Amino acid sequence: MSHEAFPTDNPAVVTVGLPYANGDLHVGHLRGYVTGDTVARALRRVGQQTAFVCGSDMHGTPIAVNAAKEGVSPEAFALEYHEEYAETFPKFNVEFDNYGHTHDETNVETTQEFVRSWIDGDHVVEKEIQVAYDPADDQWLPDRLVEGTCPYCGEDARGDECDEGCQRHLEPGEVEDPVSTLSGNPAEYREREHKFLRLSDFQDYLQAFIDRMDGTDNAKNQPREWIEGELQDLCITRDMDWGIDYPGEDGEGEEDLVLYVWVDAPIEYVSSTKQYTDRVGEDAFDWEEVWTVDDEDELTGEDNGEIVHVIGRDIIQHHAVFWPAMLRGAGYNEPRAILATGFVGIDGKALSTSRNRAVWADEYLDEGFHPDLFRYYMINGSGMETDVDFSWDRFAERVNGELVGNLGNFCYRSLLFAERNYDGTPDADVSDDVRERIEDAIDEFEAALNEYRVRDVGAVPIELADYGNEYIQRNEPWKLTDDDPERAAQVIRDCVQIAKAIAVLMQPVMPEKADALWAQLGEDGSVEDARLDEALDAPPATFDEPEELFGQIEDERIEELNEKLAERVEEATEDGEDDAEEANEDTMDFEPESLTDERISFDDFGDLDMRVGEIETAEPIEDSDKLARLEVDIGVETRQVVAGIKQLHDLAELPGTRVVLLANMEKAELFGVESNGMVLAAGDEADLLTTHGDAPLGSKIQ
RNA sequence: AGCGGGAUGGGAUAGCCAGGAGAUUCCGGCGGGCUCAUAACCCGCAGACCGGUGGUUCAAAUCCACCUCCCGCUACCA
C-alpha cells in the first residue's frame, strides 16, 4: 500500500511467532513456520535481500510449572524443547537464517537495552498491585503459579483465567482460596510494586502506524478497538526467578523482578537477527539496517528495512499493539506487515493436544511423507487468514490430484518425451504463446507476493502445469514425431521450458522438489540461486531420463492413518487425560458433598409432588446468563418453569427431553417470568434428571 | 456483552477491499477423447440464485443496516 514494492533496496527480515518451549510441535504450529518460510523464500526469489529468523520462547510461568512437575530446572526443561524445535524445522524445509532462544545472552542484553530505553524515555511507571504469595515457601506466585476458585462461577480456576468454568479472564488477586501451583500451600495476597509500560504514550503513534501497516485484514482491524480506545499500562515485570532480570536503576532492589515474557519474546526477533549478522558479517547482512531507524521522524521513509511478521491469529494484539509501542519506545523501526494465519483443525474438529487429536510433526515424518507435500497442503489449501482443516483424506486427495496428476505428471511426461526423442531439450525456439504465458506467471508471482497472497504465489506453478498439460494434449507431439518432426520438436521445447519455469516458481513452497526437478533438467546447483527470470532461459541441451517427482498415496495408507488417529484420540479419552466433553474434566476432580445426617420421614417425602414431564419448549431469558424459560408437559397440564440451565445445555436440543418436575414448589418470579415448579437436576452442571423407562407423563415419583 | 474474522454447487475452496454479461479451482457424478505420461492427461454435461431479512444502485456474492450460526481477541496466559 503505502510501501515500496518488493524488491526494495533495503534488507528485509521475516519472522514467525516464537514457539513456546513447552511441548512437541504439531501441524498447527507448522502452518505458521511453513508460511513464514515460503514468504522468505518468495522474497528472495524476486531479489529481496532477506533474513528469516526466529527462536524458542523459553520463559513464563507455564514452563516454570511444568519444569517443577518434572523436577528439572526451567532452563533445562525449555532447552530440551528448544533443541527439538531447532532439529525439527529443517526437516520441514523451514530453514531459518538464525534460530536462537529468548534466554540466550544476545536476547538478555537486547531486552535489557530496550527496557533501559523505556526508562530513560520516561515510559515506565510503578504501581502497587496484589500478587499471590506462598508464605510457607517464601515464594511469589504470579499468573499460573496460583490457582483457586473462580469468583464468578465457583469452578476451579488458574490464576489468570477460569479455564475450566466460565472462561473468564481473571485479574491478579481475584482468584479465591488461592493455593500455590508449585507446593499446594495456601497462598495469600500481598501488595507488591511492579513496573508498567505506559502504552498511552504511544497512542497517537499507534493510530498512525495501524493505518500504514500492511497485512491480513484481521491483523489490521482487530487492534483498532484497543488503539482507538483507552490504552492500559502494560505490566512488564513478574515476581519470579525464571526470566530476564529487570535492569532497574543500578541493579538496586530489583533483582527479584524478571520481565514479563511478552517483553523479551518479540525482542528475540531483533536478537536473532543480530546473531545472524554476527555470524555472516555486516557486509552480508546488517541487522541495524532493518531494525534501527536512520531518521527518527522518517519511520515510513525509504531508508528503513522491511519487517514482516507471520503470526497466528491469536496473538495479533501483542504484535500490532504492544510490539510497535515497544519498538517505538526504544527508537526502533516498525513492522511493515503483519500476516496472521488461521488455525489448523483435524478432521473438521479443533486440534487438541490434551485429547491427542493432533498430527504431530514427528509422526508426519515417521510416516515417510515428504515435507514439501505438507507445505503444499498448508499453503495452497486455503487463504492464509482462514482456518484450514487437516485430514489424511484431503491430504491424499490433494497430493494425488494436484501434485501427482497435474504438476508431477506434466513434468515427467514432458521430460521423458524430450529425453527419449531428443536426448534433452530439442533444438528449437520457445513459441511466443508459451513465452508470454511464462511471463504472465512471473508477473503474477510478483504481484501476489507484494499483496502477501501466499496461496496465490503457491498456485502459480500449479496453474502453469495445468496449462502445460492442456498444451501438450492439444498439440499431441506423439503424433507429430513422424508426420511433422519440426513441429514436434517445437512443442516439446515449449514443454521443457514450462517445466523449467515450474521449477523456479514452485521453489518457495516446495524447495526440495523444485531442486529435484532442477536436477532432472540437467541444471547445475540449486534452483534457489536462480533468478526469477531464469525461468525463460534455455534448459541444458541434454539431460538424463527423469524420475517421477511425486508418488501416489494409496487408499490403504490413508485408512491406516485414520484408524491410528481415531485409536489415539480414544485412548487419550479413556486414560482420562482429557475427555470428549469439556464438562467431564470437572468430573475428574469432583468431590461430592458430605452426606446429611438429618433423616426425614416417609410422610415428609410424600409432601413432595414430583411428576414425570416432557420439555415442550425451551428458550433463553434475556439479560440473564443462566436462566431459561421451559414449558413442561406433566400430563395433567403444561407448566412454565424457569431453570438455571441456559449455559449448560443446548436449549435447541431440550424439547422432547423427559424430566422430573417438582410440581408443588412454591411459585417464584425470576426476571419477570413466573416459574411454576422446579425441574430437578444434578450438580453444578445442572445435569437434568430423566426417566429410565417410559413412564407416562404425569406419573408421580414415589 | 464489545470488537475482529468467517458462512459460496454433494464435500472442500476462490472471488468480496477497487459492484457489471446467472461465479474459480479440486474431489465426487455423468458422457466423450487420447495413449507421450504415475488407471495419469484432455474435452463436454449436470449441480450453488453466493447464511437470513431489508436497503443503496441501471446493476450486488461483492457496498450499507439488522439478524442467525461458527471461530478468535477482550490487556498483566503463552
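When reading the values below, keep in mind they use all heavy atoms of this one structure, side chains included, and skip hydrogens, waters and symmetry mates. Keep in mind that this is a model prediction, so the values were computed, not measured.
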With both distances kept under 3.5 Å, what pairs with B:C34, Watson-Crick or G-U wobble?
-> none
Indicate, with a heavy-atom threshold strictly under 4.0 Å, whether A:Asp466 touches base, sugar-phosphate, or nothing.
-> sugar-phosphate
A:Arg557 atom CZ is separated from B:U38 atom P, nearest whole Å, by 22 Å
Considering only the C1' atoms, how many Å lie between B:C73 and B:U38, rounded to the nearest integer?
-> 47 Å
Measure from the side-chain heavy atoms of A:Tyr20 and tell me the nearest of B:A78, B:A18, B:G4.
-> B:A78
With rounding to whole Å, what would you report as the distance between B:U56 and B:U68 at their P atoms?
-> 24 Å
Quick one: look up who B:U68 pairs with, Watson-Crick or G-U, both distances under 3.5 Å, and put none if it's unpaired.
-> B:A7
Nucleotide nearest A:Gln473 when distance is taken to its side chain, options B:C42, B:A40, B:A14 | B:C42
Look at all strands and tell whether A:Val261 reaches a base, only sugar-phosphate, or nothing, counting heavy atoms closer than 4.0 Å.
-> sugar-phosphate
Within a strict 4.5 Å, meaning less than it, do heavy atoms of the A:Leu464 and A:Leu505 side chains meet?
-> yes
RNA chain B: 5'-proximal contact among A:Asn400 and A:Arg313 (nearest heavy atom) | A:Asn400
Decide ring pair (Phe, Tyr, Trp, His ring centres under 6.0 Å) for A:Phe390 and A:His26; before the verdict, give the C-alpha distance in whole Å, the side-chain angles of both, and the deciding distance to 0.1 Å.
-> CA-CA 11 Å; A:Phe390 185 91; A:His26 53 63; over 10 Å; no
A:Tyr269 ring center within less than 6.0 Å of A:His319 ring center | yes
Of the listed nucleotides B:A78, B:G72, B:A75, the one nearest the side chain of A:Leu199 | B:A75
Side chain to side chain donor-acceptor pair (under 3.5 Å), paired with A:Thr237, selected from A:Lys195, A:Glu126, A:His194, A:Glu193 = A:His194
Determine the contact category for A:Glu470: base if any of its heavy atoms lies under 4.0 Å from a base atom, sugar-phosphate if only primed atoms, P, OP1 or OP2 are that close, otherwise nothing.
-> sugar-phosphate
With the side chain of A:Trp226 defined as its heavy atoms from C-beta on, choose the nearest nucleotide among B:U13, B:U38, B:A75.
-> B:A75
Could you check whether A:Ile63 gets within reach of a base, just the sugar-phosphate, or nothing at all, counting any heavy atom under 4.0 Å?
-> nothing
Testing B:G72, B:A37, B:A78 for proximity to the side chain of A:Trp262, the answer is B:A78
To the nearest angstrom, the CD-P distance between A:Glu451 and B:A14 comes to 16 Å
Is the aromatic ring centre of A:Trp478 closer than 5.5 Å to the centre of the six-membered base ring of B:C36, with the two planes inclined by less than 30°?
-> yes
Pick base, sugar-phosphate or nothing for A:Glu548, based on heavy-atom distances below 4.0 Å to the nucleic acid.
-> base
Whole-Å C1' distance, B:C27 and B:C17 = 30 Å
When rounded to whole Å, the NZ to C1' distance for the pair A:Lys127 and B:A75 reads 11 Å
When rounded to whole Å, the NZ to P distance for the pair A:Lys349 and B:C70 reads 16 Å
How is A:Ile315 classified with respect to the nucleic acid when contacts are heavy atoms under 4.0 Å: base, sugar-phosphate, or nothing?
-> base
Whole-angstrom distance between B:G6 and B:C16, as gauged at atom C1' = 13 Å
Looking at every strand, decide which applies to A:Gln552 at a 4.0 Å heavy-atom threshold: base, sugar-phosphate, or nothing.
-> base
Just wondering, do A:Tyr376 and A:Met506 contact through their side chains at under 4.5 Å, heavy atoms?
-> no
Answer with yes or no whether the side chains of A:Asn380 and A:Arg398 bring together a donor and an acceptor at under 3.5 Å.
-> no
For B:G9 versus B:U62, give the span between their P atoms, rounded off to a whole number of Å.
-> 15 Å
Which nucleotide in the list B:A37, B:C71, B:G11 gets nearest to the side chain of A:Arg394?
-> B:G11
With heavy atoms under 4.0 Å as the rule, sort A:Arg398 into base, sugar-phosphate or nothing.
-> nothing
Contact class for A:His194 vs. all strands (heavy atom < 4.0 Å): base, sugar-phosphate, or nothing?
-> nothing
Between the side-chain atoms of A:Gln317 and the base atoms of B:A75, is any donor-acceptor pair under 3.5 Å?
-> no
Would you classify A:Arg455 as touching base, sugar-phosphate or nothing, given that sugar-phosphate means primed atoms plus P, OP1 and OP2, and contacts are heavy atoms under 4.0 Å?
-> sugar-phosphate
Among B:A37, B:C34, B:U38, the one nearest A:Arg413 by side-chain distance = B:A37
Starting at CD1 of A:Ile472 and ending at P of B:C36, how long is that distance when rounded to a whole Å?
-> 11 Å
Any side-chain donor near an acceptor of the partner, A:Ser56 and A:His101, under 3.5 Å | no
For nucleotides B:G31 and B:C66, find the distance between their C1' atoms and express it as a whole number of Å.
-> 47 Å
Rounded to whole Å, the NZ-C1' distance (A:Lys513 to B:U38) equals 13 Å
Whole-Å distance between B:A78 C1' and A:Tyr81 OH?
-> 15 Å
Touch check for A:Glu228, heavy atoms < 4.0 angstrom, all strands: base, sugar-phosphate only, or nothing?
-> nothing
Taking atom P in both B:C42 and B:G5, what distance in whole Å separates the two?
-> 38 Å
Kindly say whether the aromatic ring centers of A:Trp323 and A:Phe209 come within a distance under 6.0 Å.
-> no
Between B:G32 and B:C50, how far apart are the C1' atoms? Round to whole Å, please.
-> 31 Å
Just call it for A:Gly229: base, sugar-phosphate, or nothing, with non-hydrogen atoms closer than 4.0 Å on any strand.
-> nothing
Aromatic ring proximity A:His370/A:Phe550, centre distance under 6.0 Å = no
Selected nucleotide, minimal atom distance to A:Leu231 side chain, candidates B:A18, B:A75, B:A78 | B:A75
Pick the nucleotide of RNA chain B nearest each of A:Thr61 and A:Phe550; which residue has the one closer to the 5' end?
-> A:Phe550
May I ask you to say what A:Arg420 touches in the nucleic acid, namely base, sugar-phosphate or nothing, with a heavy-atom cut-off under 4.0 Å?
-> sugar-phosphate
Residue A:Asn221, side-chain atoms from C-beta onward, closest of B:U38, B:C73, B:G4 = B:G4
Could you check which of B:G72, B:U13, B:A75 has an atom nearest any side-chain atom of A:Gln222?
-> B:G72
With heavy atoms under 4.0 Å as the rule, sort A:Leu197 into base, sugar-phosphate or nothing.
-> nothing
